[in-house]
Amino acid sequence: MIPTPTTDMNTTQQTQPKTDLLTLTLPQLQEWLAARGEAAFRAKQIYSWIYQQLVDNFAAMSNLPLKLRQRLEEEACIGPLVVRSEMSSKDDRTRKILLELADGKLIESVLMLYPPLGESSARATVCVSSQAGCAFGCTFCATGQMGFDRHLQSGEIIAQVLHFARELRATPWSAAGLPGSTPIDHITNIVLMGMGEPLHNYDNVLQALRILNSAAGFNLGARHMTVSTVGLVPAIRKLSQEQLQVNLAISLHAPTNEARSQTMPVNRKYPLEELLAACQDYITATRRQVTFEYVLLAGVNDTPERAQQLAELLAPLKQFAHVNCIPVNATSAGYRPPGPDAIRAFRNILFERGISNSVRAERGDDIAAACGQLRTRFENRRKAIPVV
Ligand code: SAH
Ligand code: SF4
């Protein structure tokens with residue numbers, strides 16, 4: 001089924017809504033062209049222009065007949081997004097943009113650049129939003145505090161990736177202070193860790209991942225994509241049945257129901273027993289490791305007791321569980337990250353009990369990197385400007 005057309009905000013005089021081609025798989029684009037009497041092979045050409053040449057307009061598609069280009073101009077668009085604000089961290093390893101969608105909703109996307117390290121080559125990871133706002137209200141999350149606006153369409157998810165892909169293609173990045181390293185000119189990873197809950201917007205997210213994964217499309221390996229979820233049990237079970245080898249990350253953040261329900265209201269609907277059972281079944285079905293994200297909140301969930309409980313909770317998953325400790329990015333909610341000693345002590349307890357774990361390097365603090373913070377700042381500033 002071809003998704004419903006969107007309106008192109010660049011052409012406000014529009015009477016017919018335009019189809020955003022970024023919402024279409026290759027067979028859907030072939031169908032769309034066939035319905036207009038165009039040859040199917042044109043779809044591959046258009047796909048190549050969009051996803052390999054990274055063009056953002058039909059005029060550039062020089063191997064298409066002029067008439068077809070004009071028709072596309074009238075009836076289609078390529079993920080129109082307006083960049084409302086752009087920020088780079090001082091070291092230029094984190095770039096954040098605030099995007100305005102066709103209906104005026106605001107979302108954030110982040111590009112994180114990693115220099116080559118030992119054996120591993122440089123990485124360019126896009127952190128993508130899946131919804132405008134979020135319905136799940138986690139107390140430490142700036143997006144959760146703004147409430148839910150709407151799901152993003154698959155094209156709006158893909159457009160975020162293409163924005164940064166074009167930027168890197170035009171100006172490859174090399175880490176300052178690493179003169180010999182090869183500049184990186186393409187996106188290597190995608191994480192659905194921006195605004196919103198990806199599994200709440202299941203169909204559009206899966207459509208976007210399939211298009212980004214397809215050889216004729218963006219051609220990014222599924223193993224380079226990560227879906228992060230607050231823990232929607234039925235959707236995790238559904239995902240385990242898809243033939244798509246994406247990585248799964250579970251936002252755990254507390255090892256007991258009592259503690260988890262205090263910061264994550266979703267726990268009352270899907271408590272830990274059900275969540276862990278779904279993870280176990282996911283592992284059995286996919287034989288893939290699951291990452292458990294654990295936002296460290298000083299004095300709230302970072303005690304040795306919590307570390308022990310966490311190790312016990314995950315012990316049955318054995319080597320298939322990995323914990324990613326994330327010192328919280330301070331938001332208006334007043335949480336603070338623990339100091340290095342507390343983080344080390346927490347991790348050591350996990351190590352001693354055989355739970356593999358890592359800590360996410362803090363980055364981009366100077367540009368409000370935690371999800372939802374840039375939009376919050378932007379909207380507060382907008383409110384502060386009186387409208388006459
Ligand atoms: N809704 C999904 C994905 C988006 S949030 C989810 O919750 O998993 C991506 C990750 O950022 C989640 O693990 C989330 O808990 C974490 N996060 C939210 N607010 C944060 C903050 N203030 N500091 C650090 N991580 C945060
Ligand atoms: Fe939503 Fe994820 Fe933020 Fe929770 S952490 S409010 S699920 S975006």
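Atoms within each ligand, like the ligands themselves, are counted from 1 in listed order. FYI, side chains are in, hydrogens and waters are out, and symmetry mates aren't considered; it's all heavy atoms of this structure. Residue numbers run from 1 in the order of the sequence given.
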Study note, to complete from the structure: Phe140 meets the ring-ring contact (aromatic ring centres under 6.0 Å, His included) criterion, sequence neighbours left out, with His253
Review point. With backbone taken as N, CA, C and O and side chain as the heavy atoms from C-beta onward, which portion of Ile250 lies under 4.0 Å from ligand 1: side chain, backbone, both, or neither?
Key: neither
Review point. Has Thr143 got any heavy atom lying under 4.0 angstrom from an atom of ligand 1?
Key: no
Review point. Can you check whether Glu197 has an N/O within less than 3.5 Å of an N/O in ligand 1?
Key: yes
Review point. If you measure from CG on Leu313 to CZ on Arg260, what distance do you get to the nearest 0.5 Å?
Key: 9.5 Å
Check your understanding: To which of Phe140, Tyr335, Tyr294 does the heavy atom nearest atom 20 (C) of ligand 1 belong?
Key -> Phe140
Review point. Strictly by modelled atom types, are Asn257 and Glu273 linked by a side-chain donor-acceptor pair under 3.5 Å?
Key: yes
Exercise for review: State the atoms of ligand 2, each with its element, that fall below the 4.0 Å cut-off from a heavy-atom position in Val230.
Suggested key: 7 (S)
**Study point:** Full working for salt bridge (Lys or Arg N to Asp or Glu O under 4.0 Å) between Glu156 and Lys105
**Key:** CA-CA 11 Å; Glu156 292 170 324; Lys105 302 288 183 215; over 6 Å; no
Review point. Which atoms of ligand 1 are found less than 4.0 Å from any heavy atom of Thr229?
Key: 6 (C), 8 (O)
Check your understanding: Which of the numbered atoms in ligand 2 are below 4.0 angstrom from a heavy atom of Phe136?
Key -> 7 (S)
Check your understanding: Touching ligand 1 at all, Gly196? Heavy atoms, strictly under 4.0 Å?
Key -> yes
Review point. By number and element, which atoms of ligand 2 are closer than 4.0 Å to a non-hydrogen atom of Gly137?
Key: 6 (S)
Check your understanding: So, does Ala249 sit close enough to ligand 1 that a heavy atom of it is under 4.0 Å from the ligand?
Key -> no
Exercise for review: Please confirm if an N, O or S atom belonging to Cys138, backbone or side chain, lies less than 2.8 Å from atom 4 (Fe) of ligand 2.
Suggested key: yes
Exercise for review: Within a distance under 4.0 Å of any heavy atom of Leu192, pick out the atoms of ligand 1 and give their elements.
Suggested key: 3 (C)
Review point. Does His253 approach ligand 1 within less than 4.0 angstrom via side chain, backbone, both or neither, non-hydrogen atoms only?
Key: side chain
Review point. Considering only heavy atoms, does Glu293 approach ligand 1 within less than 4.0 Å through its side chain, its backbone, both, or neither?
Key: side chain
Check your understanding: Which one holds for Asn329 and ligand 1: side chain close, backbone close, both close, or neither close, with close meaning a heavy atom under 4.0 Å?
Key -> both
